[in-house]
Amino acid sequence: MKKPGVLLLLIAYLGFISLGLPDATHGVNWPFVRETFDLPNAWLGMILTCTGIGYFCSSMSAGLILNRLGVGSLLAGSSLLVFIALTGFALAQYWVVFLLFAILLGLGSGAIDTGLNAYAAEHFSTRQMNWLHAAFGVGAMTGPMIATAVLVASGNWRVGYGTIGFILLLMAGLFFLTRHQLEDRSDQLHAADELNLPDGYSHVFRQTVVWFHILLFFIYTGIEIGIGQWAFTVLTEGRSIDTALAGLWTSFFWGALAAGRIFFGVVVARIPTDWVIRLAMWGTLIGTVVFCIDGLPLLSLIGLLVTGFCLAPIFPCLMSRTPQRVGKKLAPRVIGIQVSMALISGVSLPFSMGYIASFWGLESIGVTVLVLVIMLVLVHETLMMHTRER
């Protein structure tokens, strides 16, 4: 694998940061958005659903767009869409308008997510993949911190969206100015290979390992997004923790995710990738159990930190293993499918958590996440058995 240059890595890191910045902001702003538009608690899922529609549409075609435009142009255009969407959130006076801008946010974020992951899986090592996804964690940690700080200072959730939108506008400009530095002729050769795949997507779906990966990404993303989006509400409304403290702890969850990816980026060079994934999943199980224990606020923080830290390497390591398991020719399409399924999960499972909580209370969210973690462990162990048999 050719070693990527410093500029390429820097742009990739900034791309993942830009992807993470708005990703967790809804979780902090939701109680106040809900109050503004007089909505039920579970309707956070509507934002995620509309974002998912845009995300799905762009993620399924992002690989082709990446091959035609290059990663720099893809990042510039997509970041500009995210800026417009966040500005729309800040200005929206009607709930339906807010949801329309959520679709636009999904279009921009989906293209960044799929395009960068496909590019990174091809060009970067597993260590660098973990560090790139750590950059996402930095963005996801910083977004809630900015939103909380602005919320405490101004008392207006709209200003937080606008502030993060302005940051995305600056990044879009940087990506546009550096777009020609990121061209790679080998990507165009892979694009031609994609067009010559036998039977198109039907050939992809006949690979058993693809279905295992789809299920793993579906479950994993529901866990990560579910905790990230609902932790603030569980802490404030379910466990009566102060708004500023709950916002800080939610940011710590994303910070632990980033720190874990930096740490495991070093570890994965010494321990087989599949073992890193396995250990991380068992650690996530322990962290989720701790978070489910109500009554002692410190346990909520410890549970969030352990869960975030142990979730860290799972997504990037699975993404890095994709070309190794399905081959480079199939990898761009499979990665697009994985990101799309992750998106569907990021919409449907947190929505389901809110729906369940409307009947059983906010503490049921932690229990639902715990069940998903158990399923994640079982599916991965089954995949390991399948690949050993092969």
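Counting from 1, the numbers follow the sequence of the chain as shown. Computed from heavy atoms alone, side chains included, the values below leave out hydrogens, waters and symmetry copies.
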Is [Y] reachable from [X] through a run of hydrophobic residues whose side-chain heavy atoms are each under 4.5 Å from the next?
X	Y	value
Leu21	Tyr13	yes
Leu378	Trp282	yes
Val373	Ile286	no
Leu279	Val289	no
Val150	Leu86	yes

Any [X] side-chain heavy atom under 4.5 Å of [Y] side chain:
X	Y	result
Thr51	Ile103	no
Leu132	Pro316	no
Ile314	Phe217	no
Leu19	Val82	no
Ser79	Ile112	yes
Glu381	Arg278	yes
Trp254	Thr142	no
Ile223	Leu376	yes

Quick one: which of Val334, Val210, Leu383 gives a side-chain contact (heavy atoms from CB on, under 4.5 Å) with Arg325?
-> Leu383

Determine the sole option in Thr273, Asp274, Val267 for which the side-chain contact (heavy atoms from CB on, under 4.5 Å) test with Ile271 is passed.
-> Val267

Is a donor on one side and an acceptor on the other found under 3.5 Å between the side chain of [X] and the backbone of [Y]?
X	Y	result
Ser18	Gly15	yes
Ser345	Gly222	yes
Trp230	Pro350	yes
Gln93	Leu91	yes
Ser358	Tyr355	yes
Ser240	Thr236	no
Ser58	Tyr55	yes
Ser364	Gly361	yes

As an exercise, state the distance from [atom1] of [X] to [atom2] of [Y], rounded to the nearest 0.5 Å.
X	Y	atom1	atom2	result
Leu100	Trp95	CG	CH2	11.0 Å
Leu39	Phe98	CG	CZ	9.5 Å
Phe253	Thr307	CZ	OG1	7.0 Å
Met341	Ile219	CE	CD1	13.5 Å
Asn29	Thr36	CG	OG1	9.5 Å
Cys310	Met281	SG	CE	12.0 Å

Show the numbers, then the answer: is there a side chain to side chain contact (heavy atoms under 4.5 Å, CB included) between Thr288 and Phe291?
-> CA-CA 5 Å; Thr288 307; Phe291 181 73; 5.6 Å; no

Using ring centroids (six-membered ring only for Trp), state whether [Y] and [X] fall under 6.0 Å.
X	Y	answer
Trp157	Phe32	no
Phe83	Phe166	no
Phe309	Phe263	yes
His26	Phe89	yes

Side-chain donor-acceptor pair under 3.5 Å between Ser300 and Trp249, yes or no?
-> no

Closest heavy-atom contact between [X] and [Y]?
X	Y	value
Ile293	Leu299	CG2-CD1, 3.6 Å
Leu107	Cys57	CD2-CB, 4.1 Å
Val28	Ala147	CG1-CB, 4.2 Å
Ile17	Ala135	CG1-O, 3.2 Å
Pro297	Ile241	CB-CD1, 4.4 Å
Leu370	Cys292	CB-SG, 4.4 Å

With sequence neighbours left out, write down each residue that passes salt bridge (charged side-chain N to carboxylate O under 4.0 Å, His left out) with Asp294, or none if nothing qualifies.
-> Arg239

Not counting sequence neighbours, which residues clear salt bridge (charged side-chain N to carboxylate O under 4.0 Å, His left out) with Arg158? List them please.
-> none

Stepwise side chain to side chain contact (heavy atoms under 4.5 Å, CB included) check, Ile277 with His380 | CA-CA 9 Å; Ile277 297 171; His380 185 256; 3.5 Å; yes

Please test Leu99 against Trp43 for side chain to side chain contact (heavy atoms under 4.5 Å, CB included), starting from the C-alpha separation and ending with a verdict.
-> CA-CA 11 Å; Leu99 293 179; Trp43 280 23; over 6 Å; no

Output every pair passing salt bridge (charged side-chain N to carboxylate O under 4.0 Å, His left out) with a member in residues 240-268, not counting sequence neighbours, ordered by first then second residue.
-> Glu224-Arg261

Has Phe176 got more than 12 heavy atoms of other residues, nucleotides or ligands less than 6.0 Å from its CZ?
-> no

Report the C-alpha distance between Leu362 and Ile365 in whole Å, list the side-chain angles of each, state the deciding distance to 0.1 Å, and finish with yes or no for side chain to side chain contact (heavy atoms under 4.5 Å, CB included).
-> CA-CA 6 Å; Leu362 288 171; Ile365 290 175; 4.0 Å; yes

